[in-house]
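In what follows, a single structure is set out as structure tokens and then discussed.
These numbers come from the heavy atoms of this one structure, side chains and all, not from hydrogens, waters or symmetry mates. Below, chain A is the first sequence line, B the second, and so on; all start at residue 1.
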Amino acid sequence: MLDLKRLRSDPDAARAALERRGGAGGLDSVIELDAQRRELLPQLEALRAEQNAANEAISAAKAAGGDASEQIAQMKEVAARAKELDGQLQAAESELNTALALLPNLPDDDAPAEDTVLRECGEIPSFDFEPRDHLDLAGDRVDMERGARLSGARFAYLRGELVMLELALVRWTLELLGRNGFEPVIPPVLVREEALHGTGFLPDTEQQIYRLADDDLYLVGTSEVALASIHADEILDADELPLRYAGFSPCFRREAGSAGRDTRGIFRVHQFDKVEMFSFVKPQDAKEEHLRLLDIEEQILTALGLPYRVVDIAIDDLGASAARKFDCEAWLPSQGRYRELTSTSNTTDFQARRLAIRMRSEGGKPELLATLNGTAVAVGRTMIALLENGQQADGSVVIPQCLADCGAPAILAPAEG
RNA sequence: GGAGGGGUGGCAGAGUGGUCGAAUGCACCGGUCUUGAAAACCGGAGUCCGGUUUCCCCGGACCGCGGGUUCGAAUCCCGCCCCCUCCGCCA
């Protein structure tokens, strides 16, 4: 959510920023509704003041044993008018809130108009054989057929050695993040609407989200939702910032509208596990923290021996809450191209405002802080990259030593059959 | 799932229709006293929204959240959320 005061005092700057991300249409109605509200509010407050004064007089009269029936009769009318005004005000406010919630975050000045590759790192492997894709390499350790039989398309059983690989990957990642100040968290993945609204996924991406039929709860598409909400309605001590969390949880996405895309294997599935980084920082530290999250993502990819590139994401591809976003894309030999593995966003005060997360500096007033998120490891996609880049001519896969040290098999046997 | 109890300021805890934004205690921040400290005493202090001579004052809102009754609601009524206890069930 954007700062209404800033929109009011400098609408042109906001309009210019919103136009960069493809339309400032909603802004005008916000400003109009705000003006409406600001006209009604003082009227209502004047009536309330009148009521308050009368209430004092009435109770004084009654205490003195006098009669206040005339004044009470008068106040009846005032109360009726106040009620009517209040109705109008609430209608205006609710429209205003809806309109305001539809506005995305203002993009960072540095966010580019086009996707921009910042760098390519690591060595793209060259094979003296035709590289297999992850599904061929995994065999029935990624069991799509039975997954589909159980739950439908885009679901899979992960089996055998790959389970141990996942656990090692998660363990290794959480330890690395722990050294970087992130507290591990396993959050609820079933959340109320407020949490999704607060993080900007609603009303923006409804069609991507699973909703329970009987319980006003939603399955999260990322633990970002739960991590952001961990401090909702709190005023944090500025001295204890930054606060960093590493969430580990399954993620659920409907993938509506992506029919026919990435249908093979587990690249795009309805359920996957992910380790997510989330930071609460002072506003002035947000950009630096963003680079820090990106750096950790790169450290992870580098340590796993995966060739990757970093993309500065175009303004029109930013999610509603992001002011700027970097993706890390790993090289997939079977596709001969880079594909998204991780992503980090600076959401500035957009989520903090919606979730009412503030900080207080020594002796100061509460002020909004900034939130940032970044993928540490999207397990499914990372395993794809590990399999495909680590494959050998016989179909076996060499797993990085750091993961073997955490309990992964050092070498995955060739798939059977 | 059944039965009951409860959500009040940073914490504890009064308050069941009328000067209640809210007693009191603790904690906190000033000040007096003291060589210094403690104690004692005096004073201050919440959040949000408007206005404004922009933190100086004025108005409004906030006693879990949202409605309702009333001239007037922390207090009465309804719905929701959360916490606790007991029973049942369960990994």
Side-chain angles (χ1 to χ4, degrees), chain A residues 1-10 30-101 186-198 202 211-218 225-226 229-241 249-250 349 352-369:
Chain A
M1 193 155 61
L2 299 179
D3 183 1
L4 195 51
K5 279 184 196 162
R6 200 178 308 169
L7 297 184
R8 189 187 298 146
S9 64
D10 193 0
V30 165
I31 288 175
E32 194 186 311
L33 288 162
D34 177 51
Q36 235 179 69
R37 190 186 86 94
R38 285 162 59 79
E39 197 193 319
L40 291 169
L41 186 64
Q43 295 176 31
L44 180 62
E45 289 189 343
L47 288 183
R48 290 261 157 84
E50 195 182 332
Q51 285 181 301
N52 287 340
N55 289 342
E56 262 181 53
I58 290 170
S59 37
K62 289 211 165 184
D67 175 51
S69 52
E70 193 179 318
Q71 204 160 12
I72 287 176
Q74 256 176 38
M75 282 302 107
K76 226 169 209 167
E77 283 174 44
V78 175
R81 266 191 292 153
K83 192 167 183 177
E84 194 195 323
L85 254 182
D86 189 45
Q88 290 174 29
L89 182 67
Q90 282 192 37
E93 274 183 349
S94 118
E95 276 185 65
L96 173 62
N97 290 337
T98 305
L100 193 57
I186 294 180
V189 292
L190 230 35
V191 303
R192 293 222 183 86
E193 182 179 349
E194 295 89 83
L196 288 161
H197 186 268
L202 288 177
R211 186 175 56 220
L212 297 206
D214 295 330
D215 291 283
D216 285 339
L217 289 171
Y218 299 77
V225 174
S229 299
I230 204 169
H231 291 303
D233 295 315
E234 291 182 24
I235 299 176
L236 303 170
D237 187 345
D239 290 338
E240 64 185 359
L241 297 177
S249 81
D349 60 9
R353 186 170 292 108
R354 290 185 175 211
L355 291 167
I357 310 172
R358 291 172 294 169
M359 60 171 203
R360 189 198 301 274
S361 307
E362 183 73 26
K365 293 214 142 205
E367 50 185 323
L368 292 169
L369 44 70

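A:Q51 approaches A:M75 most closely through the heavy-atom pair CA-SD, 4.2 Å. Considering every non-hydrogen atom in both A:A101 and A:R354, the closest pair reads O-NH2, 2.7 Å.
Atom-to-atom, CD1 of A:I58 to P of B:rC20 comes out at 16 Å; the value is rounded to the nearest Å. Distance CG (A:N52) to C1' (B:rU19): 11 Å, rounded to an integer number of Å.
Within the nucleic acid shown, A:A54 has no heavy atom closer than 4.0 Å to any nucleic acid atom. Among the heavy atoms of the strands lying under 4.0 Å from A:Q90 are primed sugar atoms or P, OP1, OP2 only; no base atom is included. Heavy atoms of A:K62 sit under 4.0 angstrom from at least one base atom.
In this structure, A:E240 places its CD atom where more than 12 heavy-atom neighbours from other residues, nucleotides or ligands lie under 6.0 Å away. Heavy atoms of other residues, nucleotides or ligands lying less than 6.0 angstrom from CD of A:E234 number more than 12.
Looking at A:E45, its side chain has no donor and acceptor atom pair within 3.5 Å of the base of B:rG50.
B:rU32 and B:rA40 make up a base pair, with Watson-Crick or G-U wobble contacts both under 3.5 Å. Within the shown strands, B:rA3 is the pairing partner of B:rU85 under the Watson-Crick or G-U definition, both distances less than 3.5 Å.
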